[in-house]
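Below: one structure, written as structure tokens.
Values below: every heavy atom of this structure, side chains too, minus hydrogens, waters and symmetry copies. Chain A is the first sequence line, chain B the second, and so forth, proteins listed ahead of strands; every chain is numbered from 1.
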Amino acid sequence: MEIKRSKISELFTSKPIGEKVNIKGWVRTKRGNRQVGFIAVNDGSTIKNMQVVVDIARFGEEALKPVTTGACLSVSGQLVASQGGGQEIEIQCENLTVYGTADPQSYPLQKKGHTMEYLREIAHLRPRTNTFGAVFRLRHNMAIAIHKFFHERGFYYFHTPIITASDCEGAGQMFQVTTMNLGEIKKDGNGAVSYDDDFFGKQASLTVSGQLEAELAAMALGAVYTFGPTFRAENSNTPRHLAEFWMIEPEVAFNEIEDNMQLAEDFIKYCVKWALDNCYDDLKFLNDMFDKELIERLNSVIKVDFVRLTYTQGVEILEKAVKDGRKFEFPIYWGADLAAEHERYLVEEHFKRPVILTDYPKEIKSFYMKQNDDGKTVRAMDVLFPKIGEIIGGSQREEDYGKLLRRADEMHVPHKDIWWYLDTRRFGTAPHSGFGLGFERLMLFVTGMSNIRDVIPFPRTPRNAEF
RNA sequence: UCUUCAGUAGCUCAGUCGGUUAGAGCAUCUGACUGUUAAUCAGAGGGUCGUUGGUUCAAGUCCAACCUGAAGAGCCA
């Protein structure tokens with residue numbers, strides 16, 4: 001008789017002791033002696049393994065030969081309270097089918113731990129480890145939390161283009177998109193590449209941000225957010241950068257910078273709380289395995305108020321620290337862009353909690369940010385987090401057509417590339433604000449992982465596009 | 001892109017002042033064991049010392065270039 005398959009997570013929740021159940025999953029370990037075998041099976045539904053107990057006398061030693069680490073099984077039997085100490089329940093095996101074997105000589109995952117660097121080389125198999133199972137379950141949950149947060153607040157999920165012909169944000173080097181034969185590129189009279197015959201009839205690239213298009217949507221739908229892939233061709237080799245990453249960009253009409261800050265703070269707290277409420281088993285594993293302060297840090301972030309101060313105040317604190325003998329590698333003065341060491345000092349040493357810095361000098365920020373009356377600063381905001389630095393960058397946007405135009409000119413953004421963006425300031429302009437958050441940066445914080453390549457299934461970095 | 005560190009068995013690493021046949025733990029295989037918890041115990045097999053070139057009587061070890069990985073910095077999210 002066929003028994004309906006249960007997910008292991010369901011069995012651990014409902015614990016139908018005495019019932020006949022069926023599970024399907026992959027072998028993590030096998031132990032035992034001549035009389036009895038113990039198989040730990042994981043099906044991805046939870047970090048917990050189901051222990052399957054096999055009476056060797058009944059099945060024969062040969063039957064267990066193909067049951068090795070990595071093999072895929074279907075197991076039926078009675079769910080019983082475990083006689084051993086390591087787990088609450090287990091399955092007394094009555095029927096065992098091997099769907100797929102995994103040759104132990106060549107299967108790259110062993111029972112013992114591996115380094116993250118090694119697991120990156122076998123990214124096709126690393127979801128089968130406890131660590132990456134936990135990370136990817138969390139990744140899913142964070143995506144759900146993001147959509148729930150915005151949906152509950154009346155935001156619309158707005159899809160901005162992946163392929164774009166405008167590079168106006170200046171957010172970084174772009175990947176070019178073309179159908180031209182790179183072996184025979186057509187040049188014009190001046191030796192410049194001619195895009196007339198290219199697919200779009202002009203130069204096109206992968207998006208570095210959906211912000212400008214999200215602003216268009218905010219000017220109609222009121223409150224929107226994007227959540228999609230983003231591409232940067234920067235040669236950045238750090239544990240915090242990817243060439244392909246996912247970004248969340250809310251944009252809200254009538255929000256001033258203060259509303260924007262509140263939204264950012266509420267948003268992060270909502271996501272962190274979601275993880276604590278819905279992924280505790282996985283967090284506990286990551287906490288015990290990699291980062292002993294993870295859960296404590298997550299709990300603390302949802303409790304404290306983020307510090308809010310202006311760039312000018314931040315620089316004053318840093319200047320005072322220097323006067324008191326604190327050494328920094330880079331000089332600090334009003335007008336300087338803050339280096340990572342400066343941000344870290346403010347967050348980790350001075351305030352010891354998340355910090356939102358606002359009102360930066362206009363020279364070090366983008367053309368679209370709203371200018372303050374002092375003529376020197378813009379209504380930018382960066383949310384700085386312990387361990388990972390800048391997790392959010394945002395601003396109130398310049399809604400004044402004339403001021404925006406002047407700023408675009410000063411920063412050499414051609415009008416012809418952003419005529420559609422400028423139009424929003426000509427037709428029914430409104431104060432509005434928004435921010436961008438790198439999804440994998442949030443993942444770093446929530447999982448406690450230390451390298452961004454370990455919070456995305458298949459990382460894209462310079463010289464690496466395997467899988 | 002810059003700086004620093006690393007690359008030796010399937011994995012994680014040791015290898016002293018350049019000198020005999022390159023070692024360990026885990027994994028794998030064989031055997032033992034009446035309920036194991038990263039099971040335990042005994043034994044066995046397993047090496048292009050990242051690549052190329054150089055110095056030397058002699059190179060895993062010294063030098064150079066390159067490749068790969070990591071950390072920090074820059075750029076940013």
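Residues passing the side-chain contact (heavy atoms from CB on, under 4.5 Å) test with Q105(A) are D103(A), sequence neighbours excluded. With sequence neighbours excluded, the residues that form a salt bridge (Lys or Arg N to Asp or Glu O under 4.0 Å) with D288(A) are K284(A). Taking the side-chain contact (heavy atoms from CB on, under 4.5 Å) definition, one finds that E61(A) meets it with R34(A), I56(A), sequence neighbours left out. Taking K365(A) as the reference, Y360(A), M369(A), V378(A), A380(A), D382(A) meet the side-chain contact (heavy atoms from CB on, under 4.5 Å) condition, with sequence neighbours excluded. Residues that satisfy the ring pair (Phe, Tyr, Trp, His ring centres under 6.0 Å) test with H241(A), not counting sequence neighbours, are absent from this structure. For F306(A), the ring pair (Phe, Tyr, Trp, His ring centres under 6.0 Å) partners at least two apart in sequence or on another chain are F385(A).
For residues 460-467 of chain A, proximity to RNA chain B is found at R463(A), defined as any non-hydrogen atom under 4.0 angstrom from a strand atom. Near RNA chain B, meaning a heavy atom under 4.0 Å from it, residues 384-396 of chain A has E390(A), I391(A), I392(A) in order of number. For the segment residues 55-77 of chain A, the set of residues with a heavy atom within less than 4.0 Å of an atom of RNA chain B is empty.
When all heavy atoms of E249(A) and G436(A) are compared, the closest pair comes out as CG-CA, 3.9 Å.
Within the 4.0 angstrom heavy-atom criterion, base atoms lie near E90(A). Note on A40(A): nothing from the nucleic acid sits closer than 4.0 angstrom, heavy atoms only. N451(A) comes within contact range of the sugar-phosphate backbone alone, with a heavy-atom separation under 4.0 Å but no base atom that close. Residue contacts for G84(A): at a heavy-atom cut-off of 4.0 Å it reaches a base atom on one of the strands shown. Across all strands, R28(A) comes closer than 4.0 Å to no nucleic acid atom at all (heavy-atom distances). Backbone-only contact: T29(A) has heavy atoms under 4.0 Å from sugar-phosphate atoms and none from a base.
Under a 4.0 Å N-O distance rule, the pair R308(A)/E265(A) qualifies as a salt bridge. Salt-bridge check for R240(A) with E440(A): failed, with every basic side-chain N at 4.0 Å or more from each acidic carboxylate O. With respect to K376(A) and D359(A), no salt bridge is recorded, no charged nitrogen being found less than 4.0 Å from a carboxylate O.
Side chain to side chain, H432(A) and E215(A) meet the donor-acceptor criterion of an N or O pair below 3.5 Å.
Sorted by first and then second residue, the pairs that involve residues 343-355 of chain A and meet side-chain hydrogen bond (donor to acceptor under 3.5 Å, both in side chains), not counting sequence neighbours, are R326(A)-E349(A).
Distance Y225(A) OH to A77(B) C1': 19 Å, rounded to the nearest Å. One atom, CG of L119(A), and another, C1' of A27(B), lie 15 Å apart when rounded to the nearest Å. Going from atom CD of Q51(A) over to atom P of G35(B) covers 13 Å, rounded to whole Å. The NE2 atom of H241(A) sits 6 Å away from the C1' atom of C75(B) (whole-angstrom rounding).
An aromatic stack links F245(A) and the base of A77(B), using centre distance under 5.5 Å and interplanar angle under 30°.
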What pairs of donor and acceptor atoms, side-chain ones from residues 71-80 of chain A against any protein atom, are under 3.5 angstrom apart with sequence neighbours left out?
residue	atom	partner	partner atom	Å
S74(A)	OG	N22(A)	ND2	3.1
S74(A)	OG	K24(A)	NZ	3.1
S76(A)	OG	N22(A)	ND2	2.9
Q78(A)	NE2	G18(A)	O	3.0

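One can find a donor-acceptor pair under 3.5 Å joining the base of C75(B) and the side-chain atoms of S236(A). For Q173(A) and G74(B), a side-chain-to-base donor-acceptor distance below 3.5 Å is absent, hydrogens and geometry of angles not being considered. For Q87(A) against U36(B), a side-chain N or O and a base N or O form a donor-acceptor pair under 3.5 Å.
Figure legend. C5(B) is base-paired to G69(B); pairs are counted as Watson-Crick or G-U wobble with both atom distances under 3.5 Å. With a 3.5 Å ceiling on both atom-pair distances, the Watson-Crick or G-U wobble partner of G23(B) is C13(B). Under the Watson-Crick or G-U wobble criterion, with both distances below 3.5 Å, U61(B) has no partner in any strand shown. When Watson-Crick and G-U wobble pairs are counted only if both distances are under 3.5 Å, C41(B) pairs with G31(B).
Distances shown here put every side-chain N or O of R232(A) at or beyond 4.0 Å from the OP1 or OP2 atom of C75(B). Proximity of R34(A) to the phosphate of U36(B): no side-chain N or O atom is located under 4.0 Å from OP1 or OP2.
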Under 3.5 Å, which N/O atoms of the protein pair with N/O atoms of nucleotides 9-12 of chain B?
residue	atom	partner	partner atom	Å
G10(B)	N2	Q110(A)	OE1	2.9
U12(B)	OP1	T115(A)	OG1	3.0

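Exactly one residue among Y225(A), Y270(A), Y156(A) makes a ring pair (Phe, Tyr, Trp, His ring centres under 6.0 Å) with H147(A). That residue is Y225(A).
Annotation for Q313(A): atom CD counts as buried by contact number, over 12 foreign heavy atoms lying within 6.0 Å.
Toward the 5′ end of RNA chain B lies the nearest nucleotide of V36(A), the other residue of the pair V36(A) and M289(A) mapping further downstream. Between R120(A) and G85(A), the residue anchored nearer the 5' end of RNA chain B, judged by the nucleotide with its closest heavy atom, is G85(A).
Distance noted for atom P between C62(B) and U20(B): 16 Å (whole Å).
The distance from atom CD of E251(A) to atom OG1 of T160(A), rounded to the nearest 0.5 Å, is 11.0 Å.
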